[in-house]
Amino acid sequence: MAELPDKGTAFIDWYLAVVEAADLTDKRYPVKGMNVWTTYGFRARRNLDAVMVREIEATGSEAVEFPALIPANEFAKEKEHIKGFDNEVYWVTKGGATPLDVPLVLRPTSETAMYPVFAMWVRSHRDLPLNVYQIVNTFRYETKTTRPFVRVREIHFFEEHTCQVDEDHATERVRSNLGAFRRMAEAFCLPYLTTRRPDWDKFAGAHYTIAFDIPLAGARTLQLGSVHHYRENFSRPYGITYEAPDGSQRHVHQTTFGLSERLLGAIVAVHGDAKGAVFPSAIAPYEVVVVPILGTDSGPGPIQTAEAATDRLRRAGRRVRLDAGDERPGAKYYRWELHGVPLRLEIGRREAEGRSVTIVDRLGRKGTVPLDRLETGVAERLADFDRALRERARTAFAGSVTPARVLDDLKDSVTVRLVGWCGSEECGHQIETAIDGALLGTLEEALPNPLEAPTRCIACGTSDGVRSAIAGRPM
RNA sequence: GGGACUGUGGGGUAGCUUGGUCCAUCCUUCGGGGUUCGGGACUCCGAGACGCCAGUUCAAAUCUGGCCAGUCCCA
């Protein structure tokens with residue numbers, strides 16, 4: 001089997017090799033930016049969705065699903081929004097051979113599909129808050145190079161849309177979303193940055209945008225998702241109003257929360273190593289792979305013990321794969337490491353006779369669990385694996401964000417930088433020019449590894465109103 | 001949006017400059033047999049490709065044009 005490219009020096013090549021060799025996607029589908037979800041990749045995606053659903057529903061959101069096609073006139077109602085997406089939407093202009101009177105947009109996101117309907121759903125303050133989400137595919141005509149999971153044209157998209165009685169309640173919803181994402185990221189074992197985007201980089205139509213990013217090697221950053229506060233920017237053009245207790249008609253304040261399969265790309269990018277993918281247990285297509293070690297003289301013990309162990313773990317709700325194929329154990333070890341399975345159970349004659357299994361995690365830590373407490377032993381090992389993975393990611397994160405004091409410092413950044421910023425657009429652009437990237441925004445939540453807060457703007461030197469900001473080079 | 005380059009079995013490749021020696025090379029993969037099996041086994045047999053459509057030519061993987069797909073650079 002071929003060696004993987006080096007993650008440190010050829011990151012993109014490494015990433016592409018891993019997602020392909022680990023059978024997460026088939027990118028041979030002949031349309032740019034549209035890849036096939038393989039059985040293994042689909043398992044990971046389903047687990048990812050399950051975490052998102054669990055956490056968002058815990059905050060009082062309910063699932064809905066809106067159609068994929070949006071009439072052009074509805075799409076065009078909010079001026080900034082249409083401007084932001086005009087160049088990257090797919091149009092449906094014919095039904096069969098008949099040109100459509102009103103062309104249809106294939107949703108790039110669903111504000112303009114949902115909000116005309118929200119206007120009908122929301123009548124009274126008693127209908128609020130309206131918190132709904134959907135997980136659907138959206139389409140954006142990306143012109144840049146597409147990459148599996150990270151930049152695609154057909155996006156597996158999670159989007160929550162809410163209507164609140166006023167600005168403060170919408171702000172609260174934004175906070176709630178930040179909390180939900182924090183709990184999701186805990187399951188993904190991913191440390192991340194939370195920043196408020198500069199005005200020139202906020203979502204099309206938003207009052208403000210808070211985004212989650214992860215730092216990668218070479219000052220690169222990858223956006224994982226975002227939360228937007230829309231104020232009344234959409235409720236006015238779409239006429240989403242309610243009758244308040246005092247009898248007045250008011251516009252709702254809206255928020256959205258968006259995530260995508262890019263999270264899967266981030267998980268591969270952050271946790272993966274020289275041996276391939278590494279999945280946190282919540283996402284892993286299989287949490288455990290059982291490898292019986294068979295020999296001519298081993299008798300039926302190993303295979304029977306392995307089958308029994310697999311069966312017991314399944315009954316305990318674990319995702320388990322028994323690999324009883326006719327290969328040498330070493331070949332199986334390499335394959336399942338490449339596929340990122342957290343735990344491997346080895347069961348040979350020694351284990352079958354000793355009533356215990358050898359258990360090795362994806363970080364290479366080896367141990368033994370007695371068969372009579374297999375279920376709890378595996379559960380403990382998985383929790384311990386997640387802890388270690390989280391710790392490893394946090395250490396890498398700490399080395400990927402460093403402070404910079406002067407503009408010149410930014411030029412040859414090999415990490416994402418923490419800088420002081422006075423908030424002016426002019427200084428912001430100077431920072432972006434200096435790092436040859438972007439000012440992601442001001443820190444909205446503390447870094448996982450707190451750094452000393454800057455006291456002066458890195459561009460103009462003022463100490464008035466200086467905030468901690470993050471600069472990097474978005475992928 | 002502008003420019004450059006690339007396309008050969010499932011994956012990676014040789015061949016293309018100078019058309020013929022190519023019913024296309026090698027590695028890997030896949031199917032079957034046998035010996036194996038505690039970190040990528042060996043062996044035997046078999047399967048599988050010139051992106052698509054035109055054109056030039058006695059002859060096209062090789063030259064020309066269009067299309068499709070991909071990569072990179074610049075805005």
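Residue numbers start from 1 in every chain, and the chains themselves are labelled A, B, ... in the order their sequence lines are given, proteins ahead of strands. All of these numbers come straight from a predicted model, not from anything done at the bench. What you see below is based on every heavy atom in this structure, not just the backbone, and it leaves out hydrogens, waters and symmetry mates.
Taking only distance into account, the side chain of A/Glu327 never meets the base of B/G39 through a donor-acceptor pair shorter than 3.5 Å. For A/Glu346 against B/G39, a side-chain-to-base donor-acceptor contact under 3.5 Å is absent. Between the side chain of A/Arg335 and the base of B/G39, no donor-acceptor pair under 3.5 Å is found.
As rounded to whole Å, 13 Å separates atom P of B/U71 from atom OH of A/Tyr15. Atom CG in A/Asn35 sits roughly 14 Å away from atom P in B/A69 (whole-Å rounding). One atom, CD1 of A/Ile293, and another, P of B/G40, lie 12 Å apart when rounded to the nearest Å. Distance, A/Tyr29 OH to B/A69 P: 11 Å, rounded to whole Å. The distance between atom CZ of A/Arg328 and atom P of B/G40, rounded to the nearest whole Å, is 6 Å. Summarising the geometry, the separation between CG on A/Asp323 and C1' on B/C37 is reported as 13 Å, rounded to the nearest angstrom. For the pair A/Tyr141 OH and B/G1 P, the computed distance is 7 Å after rounding to whole Å. Put simply, NZ on A/Lys332 is 11 Å from P on B/G38, counting in whole angstrom units.
With both pairing distances under 3.5 Å, B/A4 is matched to B/U71 as a Watson-Crick or G-U wobble pair. Both distances falling under 3.5 Å, in either a Watson-Crick or a G-U wobble arrangement, occur for no nucleotide opposite B/C23. B/C52 is paired with B/G66 under the criterion used here, namely a Watson-Crick or G-U wobble arrangement in which both key atom distances are under 3.5 Å. With both pairing distances under 3.5 Å, B/U13 is matched to nothing as a Watson-Crick or G-U wobble pair. Base pairing of B/U18: no nucleotide in any strand meets the Watson-Crick or G-U wobble criterion (both distances under 3.5 Å). Figure legend. B/A41 is base-paired to B/U35; pairs are counted as Watson-Crick or G-U wobble with both atom distances under 3.5 Å. In this structure B/A61 sits in no base pair that meets the Watson-Crick or G-U test at under 3.5 Å. Pair assignment for B/A47: B/U29, on the basis of Watson-Crick or G-U wobble contacts that are both within less than 3.5 Å.
No side-chain heavy atom of A/Ile347 sits under 4.5 Å from any side-chain heavy atom of A/Val291. Under the 4.5 Å side-chain criterion, counting only non-hydrogen atoms from C-beta, A/Val289 is not in contact with A/Val320.
Of the residues near RNA chain B, A/Arg153 and A/Pro329, the one whose nearest nucleotide (by heavy atom distance) lies more toward the 5' end is A/Pro329. When each of A/Gly348 and A/Thr146 is assigned the nucleotide of RNA chain B with its nearest heavy atom, A/Gly348 is the one assigned upstream, toward the 5' end.
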Scan nucleotides 4-11 of chain B against the protein and return all N/O pairs shorter than 3.5 Å with their distances rounded to 0.1 Å.
from	atom 1	to	atom 2	distance (Å)
B/G10	O3'	A/Arg28	NH1	2.7
B/G10	O2'	A/Arg28	NH1	2.6

Atom pairs under 3.5 Å: protein N/O with N/O of nucleotides 72-75 of chain B:
from	atom 1	to	atom 2	distance (Å)
B/C72	OP1	A/Arg147	NH2	3.1
B/C72	OP2	A/Thr145	OG1	2.7

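The minimum heavy-atom distance between A/Ser226 and A/Thr209, with the atom names listed, is CB-CG2, 4.1 Å.
The aromatic ring centres of A/Tyr141 and A/Trp91 sit 6.0 Å or more apart. Taking the ring centroids of A/Phe203 and A/His228, they lie under the 6.0 Å cut-off. Outside the 6.0 Å centre-distance limit, the rings of A/His271 and A/Phe279 are not counted as a close aromatic pair.
Spacing of P atoms, B/C53 relative to B/G9, comes out at 15 Å, to the nearest Å. Distance check on atom C1': B/C23 versus B/C5 gives 32 Å, rounded to whole Å. Separation of the C1' atoms belonging to B/G48 and B/U25 is 15 Å when rounded to the nearest angstrom. For B/U17 and B/U62, the C1' atoms lie 10 Å apart once the distance is rounded to whole Å. To the nearest whole angstrom, the two P atoms, one in B/A69 and one in B/U8, are 16 Å apart. Going from the C1' atom of B/A61 to that of B/C22 covers 9 Å, rounded to whole Å. To the nearest whole angstrom, the two P atoms, one in B/G51 and one in B/G10, are 12 Å apart. The P atoms of B/U71 and B/G15 are separated by 24 Å, rounded to the nearest whole Å.
Geometric assessment of A/Arg140 against the ring of A/Phe157 yields a positive cation-pi assignment under the 6.0 Å and 45° thresholds. At least one cation-pi condition fails for A/Arg321 and A/Trp336: the charged atom is not both under 6.0 angstrom from the six-membered ring centre and inside a 45 degree cone around its axis.
Using a cutoff of 4.0 Å between basic side-chain nitrogens and carboxylate oxygens, A/Asp273 and A/Lys275 are not scored as salt-bridged. Ion pair A/Lys332/A/Glu327 not flagged as a salt bridge, since none of the NZ, NE, NH1 or NH2 atoms sits closer than 4.0 Å to an Asp/Glu carboxylate oxygen.
Counting non-hydrogen atoms of other residues, nucleotides and ligands closer than 6.0 Å to OH of A/Tyr29 gives a total of 12 or fewer.
The aromatic ring of A/Tyr333 does not stack onto the base of B/G39, failing the criterion of a centre distance under 5.5 Å from the six-membered base ring together with planes under 30° apart.
Between A/Phe212 and A/Phe257, the ring-plane angle classifies as perpendicular under the 30° and 60° cut-offs.
The side chain of A/Lys32 sits closest to B/U71 out of B/G39, B/U71, B/A41.
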